[in-house]
Amino acid sequence: MSIGLSEQEIFRREAMQQLRNLGIDPYPPETFPVNANAKDIAENFEANTEAYQDVVIAGRIMSRRIMGSASFAEIQDATGRLQIYIKRDDISPGEDKTMYNTVFKKLLDLGDFIGVRGYVFTTQTGEISLHVRELTILSKSLKPLPVVRREEDGTIHDAFTDPEMRYRQRYVDLTVNPEFKQIFINRSKVIRTMQSYFDSNGWMEVETPILQSVHGGAAARPFTTHHNTLDMPLFLRIANELYLKRLIVAGFDGVYEFGKMFRNEGMDRTHNPEFTSVEIYVAYKDYIWMMAMVEQCLEKVARAIHGLPIVKFGEHELNFAGPYEKLSMYDSILKYTAIDVSAMDEVALREVCKQINVPVDATMGKGKLIDEIFSEKVEHHLIQPTYITDYPIEMTPLAKKHRSKPGLVERFELFVMGKEIANAYSELNDPIDQRERLEEQLLLAGRGDEEAMAMDDDFLRALEYGMPPTSGLGIGIDRLVMLMTGQTTIQEVLFFPQMRAEKKVKVVTVDDFVNIGVPAVWVPVLNKMGFNTVEELKAGNPNKVFNDLGGMRKKLKLDISMPTKDEVMAWFV
RNA sequence: GAUUCCGUAGCUCAGCUGGUAGAGCAUAACACUUUUAAUGUUGGGGUCCUGGGUUCGAAUCCCAGCGGGAUCACCA
């Protein structure tokens, strides 16, 4: 018997072996011809009882109520649960009642996958159920699932809620907490809705490199790696912006990419080291045009999930139907602090920060100071979708200078629930201006700013060939999905959020012990005594081990022959 | 990174001022032909996260570590 298994796991392995002994494959290879699902039966049976007289469905056993020669069980498939009714003489029609008495009652467990064929009926208590005629084992489950019980009124008993276990073992989470599957179904819907909207406008979905030799397009610290054959460092992309712009140079009028970005920074409930974004670039457009596009797009997304442009989030009702409120960055600060910063220089801004208790440090320039005031005093007020426009040029090296306001760029960010979810520019396509702005970033990098953008000579070369006027947009998909599904942590919208590495349990094999002369039957006993590795055993006192083995043999009523003292002493040589 | 809380059976959790480790569900055995958290009776199941320390004695007190949550900071 294996080491370290709980009693329940041992029982399940024994049951699996007994199935094999009965000639039943616990993991059969054949296609199982399912012709219905739980949701379909629950919704349509009553209107059309005739159609459900020969139903085949499959799923996990999630509960069992055995009463002598008849039983009820619930099976759960991808769509929900269905009660099944199993009568001994139906699944074991002849003299041999093994199928019911042994296979169903003894050898099946909660969590096993089975397939059943039969007819649908309504029980005396009014529950739509499947009367089983044939039962097929599809996959034996060797580890017990947590049992979560739900009552009609929604009360949940023994809920499986430990976030660590839920995220590390998402397969268990979604099995026993199937309501969380809806978040991921909606996530998929968000992405598909956006894709089909973009496609319907003739914009093309593309893929660009994830491994990049220059990490550009955003301000963030990258993950670094190394290519052996080329013997060169590579970075996991922090953004794909510069590649998509190259494709606009290449002559595509509209390109977009959904994909993972990687940033080697902190993790919390709104940040995961890898996250999904969409970026889209459309030629001959500007950021004003882009605002209308975003409004249309997000309204479609909200409707796809909720049927309405209204999304409930906590106590708020967010309205994604445009047009959204528009405020310039300076006006937003004026609105929420009554201070006009538009004409202030760095010294004056510093004084303002001091007055209104916004913490600053000496390295901050004008752009950064304004950004601090905005984050501190404005952001959290922006609950309904709101565009903040026209940012100071210092912090935005890839956006075009404002057509009429010196010192600003043509940029907007969309805020909802106090969080930024989209960022867009009239893209900078003047190659000389672009080179100067990236050179300023190099100066910042020289001063120790780890997030300053790197120079990308190939990108500049592309711009020199000429890029049409273009508007670009980036949306953080994870945060958008959080908004659309009412979640407050990014982990809830990621199937497999990043976690610290699980503590490695030292793997011991029986062979290690057998190799030093311990009979295999005694290995579990040694484990029980606390010797989980050969090293631990050798560090023990041989005489005590010998005595204790005898004691364990008696205590556990083991019917195995005792090794001689000399044999035991030999283990320690 | 800081603060704080948590880690006990397969799951959810109790365990007081330190004194032989508990409950419900799950699980095993028996009974039971329409149950609904099925029921009744009887069992088994524990590295009390890890390592030190204090103590005659530690799940409990102290220290360190590991893992997780929350809040804050950082980070578009």
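Throughout, a chain's letter reflects where its sequence line sits, starting with A, and its residues are numbered from 1.
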Problem - No-hydrogen, no-angle side-chain donor-acceptor test under 3.5 Å, A:Gln17 and A:Asn21 - result: yes
Exercise for the section: Could you give the distance separating B:rU8 and B:rA58 at their C1' atoms, to the nearest angstrom? Expected result: 14 Å
Practice task
Between B:rG57 and B:rU47, how far apart are the P atoms? Round to whole Å, please.
Solution key: 24 Å
Completion exercise
Of the listed B:rU35, B:rA28, B:rA73, the closest approach to the A:Ser129 side chain comes from B:rU35
Fill in the blank from the handout: In Watson-Crick or G-U wobble terms, with both distances under 3.5 Å, the base opposite B:rG43 is B:rU27
Practice task
For B:rU55 versus B:rG67, give the span between their C1' atoms, rounded off to a whole number of Å.
Solution key: 29 Å
Completion exercise
In Watson-Crick or G-U wobble terms, with both distances under 3.5 Å, the base opposite B:rG19 is B:rC56
Problem - Same-atom distance (P) from B:rA26 to B:rC66, integer angstrom - result: 39 Å
Practice task
Please check the phosphate of B:rC74 (OP1 and OP2 only) for any side-chain N or O of A:Arg221 closer than 4.0 Å.
Solution key: no
Problem - Phosphate-side-chain proximity, A:Thr123 and B:rU34, N/O vs OP1/OP2 below 4.0 Å - result: no
Problem - Whole-angstrom distance between B:rU33 and B:rC16, as gauged at atom C1' - result: 50 Å
Handout entry: Sugar-phosphate only, base, or nothing, as touched by A:Phe121 at under 4.0 Å among non-hydrogen atoms
Key = base
Exercise for the section: Please state whether the rings of A:Tyr52 and A:Phe45 are parallel, tilted or perpendicular, taking 30° and 60° as the class boundaries. Expected result: perpendicular
Completion exercise
Winner on side-chain proximity to A:Glu7, out of B:rG10, B:rG45, B:rA76, is B:rG45
Practice task
Could you tell me the separation between the OH atom of A:Tyr425 and the P atom of B:rA76, rounded to a whole number of Å?
Solution key: 12 Å
Exercise for the section: Please work out if A:Ile66 contacts a base, only the sugar-phosphate, or nothing of the nucleic acid, heavy-atom cut-off 4.0 Å. Expected result: base
Practice task
Tell me whether the guanidinium CZ or amine NZ of A:Arg411 lies under 6.0 angstrom from the six-membered ring centre of A:Tyr425 and within 45° of its axis.
Solution key: no
Exercise for the section: Establish, with yes or no, whether the OP1 or OP2 oxygen of B:rG68 is under 4.0 angstrom from a side-chain nitrogen or oxygen of A:Arg168. Expected result: yes
Practice task
Would you mind telling me which of B:rA28, B:rG69, B:rU33 lies closest to the side-chain atoms of A:Ser69?
Solution key: B:rU33
Handout entry: Closest to the A:Arg269 side chain, choosing from B:rC72, B:rG69, B:rU35
Key = B:rC72
Practice task
When you get a sec, tell me which of B:rA26, B:rA76, B:rU35 is the closest nucleotide to the side chain of A:Gln83?
Solution key: B:rU35
Practice task
Determine the interatomic distance between C1' on B:rA73 and the same-named atom on B:rG18; round to the nearest Å.
Solution key: 40 Å
Problem - base_contact_polar (B:rU35 base, A:Gln124 side chain, donor-acceptor, <3.5 Å) - result: no
Practice task
Could you tell me whether A:Glu74 contacts a base, only the sugar-phosphate backbone, or nothing, with contacts defined as non-hydrogen atoms closer than 4.0 Å?
Solution key: nothing
Handout entry: Pairing partner (Watson-Crick or G-U wobble, both distances under 3.5 angstrom) of B:rA38
Key = none
Exercise for the section: Determine the Euclidean distance between corresponding C1' atoms of B:rC25 and B:rU20; express it in Å to zero decimal places. Expected result: 26 Å
Problem - Sugar-phosphate, base or nothing in reach of A:Phe11, heavy atoms under 4.0 Å - result: sugar-phosphate
Problem - Stepwise salt bridge (charged side-chain N to carboxylate O under 4.0 Å, His left out) test for A:Glu427 and A:Lys400 - result: CA-CA 5 Å; A:Glu427 300 294 340; A:Lys400 197 178 267 192; over 6 Å; no
Exercise for the section: Output the single nucleotide from B:rG68, B:rU33, B:rU27 whose closest atom is nearest the side chain of A:Met499. Expected result: B:rG68
Practice task
Please determine, for the side chain of A:Lys106, which listed nucleotide (B:rG69, B:rA38, B:rC30) has the closest atom?
Solution key: B:rC30
Handout entry: B:rC75 and B:rG19, which share atom name P, separated by this distance in whole Å
Key = 49 Å
Practice task
Test for a donor-acceptor pair under 3.5 Å between the base of B:rC11 and the side chain of A:Asp162, counting only N and O atoms.
Solution key: no
Practice task
Please tell me which of the listed nucleotides, B:rU35, B:rA76, B:rA73, lies nearest to the side chain of A:Arg411?
Solution key: B:rA76
Problem - Which nucleotide in B:rU12, B:rA73, B:rC32 has an atom nearest any side-chain atom of A:Phe160 - result: B:rU12
Practice task
Report yes if a side-chain nitrogen or oxygen of A:Arg65 is closer than 4.0 Å to either non-bridging phosphate oxygen (OP1 or OP2) of B:rA38; otherwise report no.
Solution key: yes
Exercise for the section: Could you tell me whether the side chains of A:Asn272 and A:Gln498 share a donor-acceptor contact shorter than 3.5 Å? Expected result: no
Problem - A:Ala220 versus A:His215, closest heavy-atom pair with distance - result: O-CD2, 4.4 Å
Completion exercise
As its Watson-Crick or G-U partner within any shown strand, both distances under 3.5 Å, B:rU3 has B:rA70
